[in-house]
Q: 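Dropping the structure in here first, questions after.
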Amino acid sequence: MAKKYRKTFAERNLIIIIILMWVFLAIVTGGRFSSSLNITNLVRQAAINGVVAVAMTFIIITGGIDLSVGSVVGLSGMVFATMTSSNLSIGMSIPLAIVISLLASAAVGLVNGIAIHDGKVPPFIATLGMMTAVRGLVMYISNGRMITGLPKEFKAFSSADFLGLPALAWTWIVIAVIAGLVMKYTKFGRNLYAIGSNPEAARLSGINIRLNMYFFYIVGAVLCGIAGLMLSTRLASGVPTAGQSYELDAIASVVIGGASMTGGVGTALGTVLGALIIQTIKNGGNLMGIDPFIMQMVIGAIIVLAVFFDTFFKSRGRRPKIFGKGKKVNAAQ
Amino acid sequence: MKKFLVLLVLALVAVSTFAAYEIAFIVKATDSDFWQYTIVGAKNAEYDLDGAINVTVYGPPSESDIDQQIAILENVVSTMPDAIVMSSTSSDAPSAILNDAYEAGIPIVLIDNFVYDTGYTAFLATDNAKGGSLAADLLVKNLEDRGIALEGKIGLISAMAGVQVLVDRDDGFKARMAEIAPDLEILPTRYIDNDIAKGANATEDLLIANNDIVGFFADNNHSGDGVARVIEEQGLGEKVIAVAYDSDPLEVEAVKSGALKGLIVQDPHGMGYKGVMFAFMALKGEAFPSYFDTGVYVITPDVVDESTGILDPFTRQRY
Amino acid sequence: MPEKFGEVALKIEKVNKEFPAVKALTDVSLEVRKGEVRALVGENGAGKSTLIKIVTGAYTKDRGDLYICGKQIKRNSPLISKNMGVYAVYQAVMLAKDLTVAENFFLGAQPGKGGFINWKKMYAESEKFMKDLGLDIPVRKNLSELSVAESEMVTIAAALWHNPEVVIFDEPTAMLTKSETKILFRIIKELKEKGIAIIYISHNLEEVFQVCDTITILKDGMVVDTVPSNTLDEESLIPLMVGREISEMYSKKEFEPGKEILRVENLSGEKFTDISFSVKRKEILGFFGLVGAGRTEIARAVYGVDKIQRGTIHINGNEVKIKKPNDSLKNGLGYLPEDRKDLGLFLPQDVDFNINIINYERSINAGIINYRKTAKLADEYIEKLSIKVGGPFQKVSELSGGNQQKVIIGRWLAKNPDVLIFDEPTVGIDVGTKSEIYKLFGKILEQDKGIILISSYFPELLGMSDRVIVISNGRVAGEVERKDFSEELLLTLAMKYYSNADLKEEVLNG
């Protein structure tokens, strides 16, 4: 009885919600929302936060949290800008500078992993410290100043299109698809869920918790590093404050996407949908000219409502069409 | 030996007490170019006075850390400096602390932002409303030069809600626009949390929502960066006239490329330099005005190349 | 019902409860009188816990009536049932862990004036109460500092503190030592004399016959029968619960033991010293010892969970270095911990995940998991262990406790290591499944494997083992061959290295 990939409860509902929102917006904006230019804008706008959110998904599934994502976004962009800017003396080639930026990001992830696994520092605290320290490092590297003079090819990436979608959106899609497949179809992904569900049981199942934890935090940080590069092509510069407070949007996307803050639950697709919902509200609000403060209230309400409905329906057991037919199921003793 | 040490300590104390005035220079934030420029001005003043003063710079990492700036101020006051030069983020929060210091005989020089209910020695600031109206003039002139009719819509991108200097700039802009181009409708303000990417997003969205946008006003450097980035990417330089406030390297590039038609630039270097100088003059008992408008520059593409000293005061760094 | 009991304390009439895709209770009716000890027996998933949760207000019933002390409860909630005098003692301690024992008693009603707590009074009263119950537990300690058994006794005491009308015990002895169990039974007797109605749920039928007056048998969410306990015995009760005869509980297949696969020499760790033993193919090696003797610790050390200080482990004659569970898995060693739920279960995941987590190498091709294969494997063990589940992709959190246990057992049977260590494999498991597990032992041995069986349950240990190693205070006290098996011999050996006279007494009395 082979089963196909089954969308989770959150994923199924989010797809419906997004479709409803898009139809609604297309109607009230007289088609402006659904114009191909706007859809292109929308996915590009969501892409950078979306990649950070995918990174956050890994960490939240382990049962942790990573508050340092925004600072890593800033770090990677600033390292890249410093290495390549024509205003500065280093003048490194783009590929090499990308590698170095991502290595710097990975280093942050490794330190997080060591502090959390070996130092037993709660993830919230460890990454809170890291968030502050790395932001300080970014300021130190840049002297608190913006760095311009980035290579032309690099700047052009943010406005480049491929098959009708912006290159930034493709980057996000490719990362999300790979992340989703890795989580679902590889041993590494299964270890992620095992550790997030029950670390002690995972250990007894022969899973090397240390290496895996290092790996999750490094993967998360490298993805944030990629997001940092995406942001600096979008900004055409290295900005010392880039990425500030991105952790909040990322956490919101992951949670709306159906992940549980206690770990073990969450999917890349859910997170992508969560990020799309948040960006749809922002973009739609701008298009409709809604008061920005009201938009803020709406986004806040949606974060809480999404989690509320998820737990509400789960606890009531009202999950239509979840079980196979025929066999009698023993839901609770 | 012991005697020698005691003498040494006494000598050090004497030098630090009598040789130079301690001037505390408190900025709104250390993470932005603007405040870095004021610091250059303050440090240049220190350099020029050649040992007569010691400038120590303080500031929270970000402008949103109002309470942190207050804490810094409290700590500074407790060290009893000879004078305080401060750009306060809040117009009310530090009143009591500043007033106590002022009563205790410490000269207080306020720069950039006024603080109510406190005694102060001098106040140096940009007339932000005037800067806003200059932006309006520049925008309309550009439209007229290109023969674009003065109708349609103008987008207003503001870095943050609830910041007085930005409100002044926006109000000055709107008031002047109503005078000189009453048929141009100014769209409701979009706030972007001082995030360039969000500024770009908001610009893209406004362009989608309104196909009759003829101009943008961005009220600080990050909002200006966001607007400029979109105009550059979409190649709208000749159709949509954007004017922005403040300057940073990205904005300067945008002026050169034509994505921004001009910058309204304050004189942060002068603010820092003159603020420290006024404090020194107060300590020396010399006369100076209690209010000083540090003025704004209008940087258009034709003058941008000669304005390096204004746009990047780091080039004026003397120390 | 016999006349010796008082009036009806708890009455349930035609209660129904449905969960998605399953009917948990169908027209269940029940009457428990004051001073009566009523057993609730049935297999895992028979509906015992659901019924209790409806009585305590944790679940709402779909239909039917509930009366407590003659009063109909239309809308129930945990608070309402408590106010009506219904207290349940769950296995999981449900008190505030970071408060003292005394504070837990007085929770929400601390003595004192004007917002200040009278600690002296609080401690004095709770100390006296504990003493009256015959419990020696310090009331000033935080609950988190107590052992599991101690905190369970506190849970029981806390329930009694509130002068309950009905007390529900759900598997109360699972975590208790024999002497603690004895105290519990004494307390139950006292409650009964005070005229309190008691519901007692246990898989341990021996205990049921020891303490209960009447027995209600549940099967598939329906009441099979309610009978006085003296009209039945274990043998006649089991078919009623299971719905079929279990011909032979301990169906041990006899094999000729083969070559030695696992040999442990002079193993020392934190809680044990100089442990040596060996397991042969087609052999079940039993491990006996008192609670805390170090059996679980030895198993954990061999499996690579805990650190080894000295000693060697040989598999198939070769010395192997085992530093982490992955090493032992690679060397064909498996370990099924006693605390399966906390140490084994991945609660948010599905059955497929839980069975395959150590078996993915079977279904991975070029690094990609083939879910057709994993589901096939999961289905195989769902079938073999008759796990009640909608399919391999159902979440384990939606299964009953017993079925969750089976999922973990399925995981290890699928792994099929050369030597599998079972740590108390049948605690909390119903008779039907128990006998199936024992049959599976035979199948494992048939494949030329070896088993280590850690058990405190004599019938199981003596019924299934070929040899028994007795651990006493962290040391090997002796090895007993099957022909010499006797409870007395094992117990004597188990006490060999304890000097403490009290402990001996405890064990003998237990």
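Since the model is a prediction, treat every value here as computed from it, not as a measurement. Protein chains get the first letters and strands the later ones, always in sequence-line order, with residue 1 at the start of each.
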Q: Who among A:Gly196, A:Pro199, A:Gly206, A:Ser260 has the most heavy-atom pairs with chain C under 4.5 Å?
A: A:Gly206
Q: In the structure I gave you, are the side-chain heavy atoms of A:Leu181 and C:Ile368 within less than 4.5 Å of one another anywhere?
A: no
Q: Is C:Leu345 close to chain A through its backbone or its side chain, or both, or neither, when contacts mean heavy atoms under 4.5 Å?
A: backbone
Q: Could you tell me whether A:Phe124 atom CZ has more than 12 heavy atoms of other residues or ligands within 6.0 Å of it?
A: no
Q: If you round to the nearest 0.5 Å, how far is NZ of A:Lys187 from CD1 of C:Ile357?
A: 5.5 Å
Q: Would you say A:Tyr193's side chain and C:Phe346's backbone share a donor-acceptor pair under 3.5 angstrom?
A: no
Q: Which atom names give the shortest non-hydrogen contact between A:Leu204 and C:Leu343, and what distance separates them?
A: CD1-O, 3.5 Å
Q: How many angstroms lie between atom OG of A:Ser205 and atom CG of C:Asn354, to the nearest 0.5 angstrom?
A: 9.0 Å
Q: Give a yes or no answer on whether the side chain of C:Gln349 reaches the backbone of A:Gly264 with a donor-acceptor pair at less than 3.5 Å.
A: yes
Q: For C:Lys323, look at atom NZ and say whether over 12 heavy atoms of other residues, nucleotides or ligands are found less than 6.0 Å away.
A: no
Q: Would you indicate whether C:Tyr360, at its atom OH, is surrounded by more than 12 heavy atoms from other residues, nucleotides or ligands within a distance under 6.0 Å?
A: yes
Q: For the candidates C:Ile408, C:Ile364, C:Val305, C:Leu329, which exhibits the highest count of non-hydrogen atom pairs separated by less than 4.5 Å from chain A?
A: C:Val305
Q: Examine whether an atom of C:Arg340 lies under 4.5 Å from a heavy atom of chain A, and if so say whether it belongs to the side chain, the backbone or both; otherwise answer neither.
A: neither
Q: Of the non-hydrogen atoms in C:Asp342 and A:Asn198, which two are nearest, and what is the gap between them?
A: O-ND2, 2.8 Å
